Amino acid sequence: MTTTTARMLMVLAAGWALAGAAWGQGGPGGPRVSQDVLRTHLITLASDEFEGRGTGQPGGDKTVAYLERHARSIGLKPAHGDSFRQSVRLFGVRSRIADSSVDLEAGGKALGLRFGDDWMWRSGDGRALNELDAEIVFVGYGITAPEEGWDDFKGLDCRGKVLLVLGDDPVPTAAEPDRFGGRSMTYYGRGPYKFEEGKRRGAAGVLVMYNAKSRFDPWSSVRNNWSVEVFKLKDQGGTGVEGLLTPEAAARLVRAAGRDFDTLRAAAERRDMQPVVLNARIRGRMVSDVREIEQFNVAGLVPGTDPVLKDELVIYSAHWDHLGRTAGEGDVIYNGAWDNATGAAALLAMAQASVAAPTRRTQMFLWPAAEEHMMLGSKAYVASPPWPLARTAAALNLDSMNTAGRTRDIGVPGSDRSDLHALAAATAKEMNRTFAKVWPDVRGEFFRADHFSFVQAGIPAFSIDWGLDFIDDPIVSKRRMLDIASRYHQVNDEFDPNWDLAGTTEDAQFTLNLGRRVANADAMPAWKAGDPYGRLRAK
Ligand SMILES: [Zn+2]
């Protein structure tokens, strides 16, 4: 007997033991996600050989080929004609800091801001040379939200101007405790919204003050995101300059322009705030390396069995990309083992389990590209969907999974916007699991993973999240999970042989069970009445 065979037998025995356990996680006869399969893919995708799965890098190409090869060998059907690939055309911009001379000035004097320490900037429109000489206007939070009766622009002609805006969204008040989501962040609080709004208004640029709620992302991780090559969809560029300032740099700018910073910030909390033209400019040359590239979403199908419902789709997604390899010394590979080799590997294991167990509706296993660059792959998917959005029942996303062991609870943030919540509750009950405590979404997590691209297209969707109620060694496990999460977007997000993948597998199983429940239900899940995204549901 070879050791391999012995190990296989042990795995089988373990599988039988679990099958007989009270939790009946796969449902009667349901497909079972294999921890071994998940582990093998996770180790491979997180290895240095895959070079951090960078967008526009050889490691990314290798990842796509790997997923495609396995999707085919598992027995998934191609989702794009006879191909598993969907083309995603991007432009990539890398700021050439040493060759650029851009600075902010106020009262006629340059501030001498240092890239990375005081601020970051980039070409948003994909031009290799941006010559900047533009007036800076403070526009509060830079938000136009009709449903909140809020408009920071007050008819300002933004053309040719650079907008200075606060990060986040207006703070709740005693009179309006629920405005802008209360303690939770709305999409209006996110940087991408502010850049998009500036673009819609024809501004020359947008400078966002990094602050408040979003400070939960340390400046160091934000800096990493701005120091690597930045990508956009080829046909969805932004304003000439996009920037991010530390609060200290923003305060220096405003003070040097002869204004009181606290007064401006306080005014931004009021509906009647008027834009303030500052005695300040952005000036200089911004030089960037620009290139156009083609990336790929990978997607395969398990066709449905119901003659009618098979025309409807349930999507499981997990982005394959991470930050890739950077220039420099030492460890230059952002392996992204947690983010998101875990999800990408889990999805392969889920797909493998599903091929022999189809549902009434068709199921799609989708690995979007370029999530780390503002979810470009999933945006490209909904912009040019291979399957009608109106017949897409739901999308369930996995991003950065629990690797510290089994938990009693499971996170379902944002599921409460639709019938997915009740379906998730039934799934959890069947698996003897509870819902994790829901905290106010102060970081706007709901808007920063691939499921949100589907939400913006009107499809009920959320990302399944980890719980923290660990079954084994709760204190140690929780500490380990928080340590893993603290490596977010750092080079030390690497695979650790001590990771306990039982919880990862169980969370993947939950996701699959929930998807199957959606896929076998008589009707597609509906949005809760009044949800703003429900109105976007394609007919
Ligand atoms: Zn991620």
Side-chain angles (χ1 to χ4, degrees), residues 38 41-42 45-46 50-57 59-60 63-64 67 88 90 190-192 214 216-218 220-222 224-226 228-231 295-298 315-326 333-348 350 365-381 395-404 411 413-414 441 443-456 461-466 481-482 484-495 499 504 507-508 511:
L38 190 157
H41 291 306
L42 169 56
L45 291 169
F50 282 73
E51 300 180 282
R53 306 180 306 282
T55 296
Q57 297 187 357
T63 306
V64 167
L67 293 171
V88 180
L90 309 175
R190 299 268 301 130
S214 44
F216 287 97
D217 273 349
S220 62
S221 91
V222 178
N224 284 342
N225 286 348
W226 283 66
V228 295
E229 188 174 19
V230 174
F231 294 93
Q295 296 290 281
F296 299 96
N297 296 331
V298 180
I315 298 175
Y316 308 92
S317 62
H319 74 89
W320 60 254
D321 67 301
H322 194 56
L323 302 178
R325 170 190 272 278
T326 54
I333 296 177
Y334 289 85
N335 297 75
W338 180 59
D339 181 9
N340 186 28
T342 51
L347 209 60
L348 273 173
M350 288 158 62
F365 295 84
L366 167 67
W367 291 266
E371 187 276 345
E372 301 291 3
H373 302 277
M374 303 296 177
M375 299 132 36
L376 297 178
S378 53
K379 275 188 185 142
Y381 177 100
L396 304 174
N397 187 56
L398 291 170
D399 194 340
S400 309
M401 300 178 71
N402 161 27
T403 54
D441 189 7
R443 295 177 63 200
E445 297 284 358
F446 188 67
F447 313 107
R448 36 196 290 164
D450 276 324
H451 70 264
F452 186 58
S453 297
F454 295 102
V455 166
Q456 284 184 303
F462 71 99
S463 290
I464 286 75
D465 201 2
W466 27 288
M481 195 58 232
L482 295 177
I484 292 159
S486 74
R487 297 162 187 244
Y488 171 76
H489 285 200
Q490 317 281 334
V491 287
N492 61 4
D493 174 7
E494 290 179 333
F495 177 75
W499 278 0
T504 326
D507 291 358
T511 307

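All ligand and atom numbering here is 1-based and tracks the order in the structure. Since this is a predicted model, take the numbers as computed values, not measurements. The figures here come from the full heavy-atom set of this structure, side chains too, leaving out hydrogens, waters and symmetry mates.
Put simply, H322 stays out of reach of the Zn ion (ligand 1), with no N, O or S atom under 2.8 Å from it. For residue D399, an N/O/S atom approaches the Zn ion (ligand 1) to within less than 2.8 Å. Distance check for E371 against the Zn ion (ligand 1): none of its N/O/S atoms falls below 2.8 Å.
In terms of distance to the Zn ion (ligand 1), the nearest N, O or S atom of D339 is named OD1. The atom name of the N/O/S atom in H319 closest to the Zn ion (ligand 1) is NE2.
Rounding to the nearest 0.5 Å gives a distance of 12.5 Å between NE2 of H373 and NZ of K379. Going from atom CH2 of W499 over to atom OG1 of T504 covers 8.0 Å, rounded to the nearest 0.5 Å.
Put simply, the side chain of H41 does not reach to within 4.5 Å of the side chain of L347, judged on heavy atoms. Looking at E445 and D465, their side chains never come closer than 4.5 Å, going by heavy atoms from C-beta outward. Between V491 and D493, every side-chain heavy-atom pair lies at or beyond the 4.5 Å cut-off.
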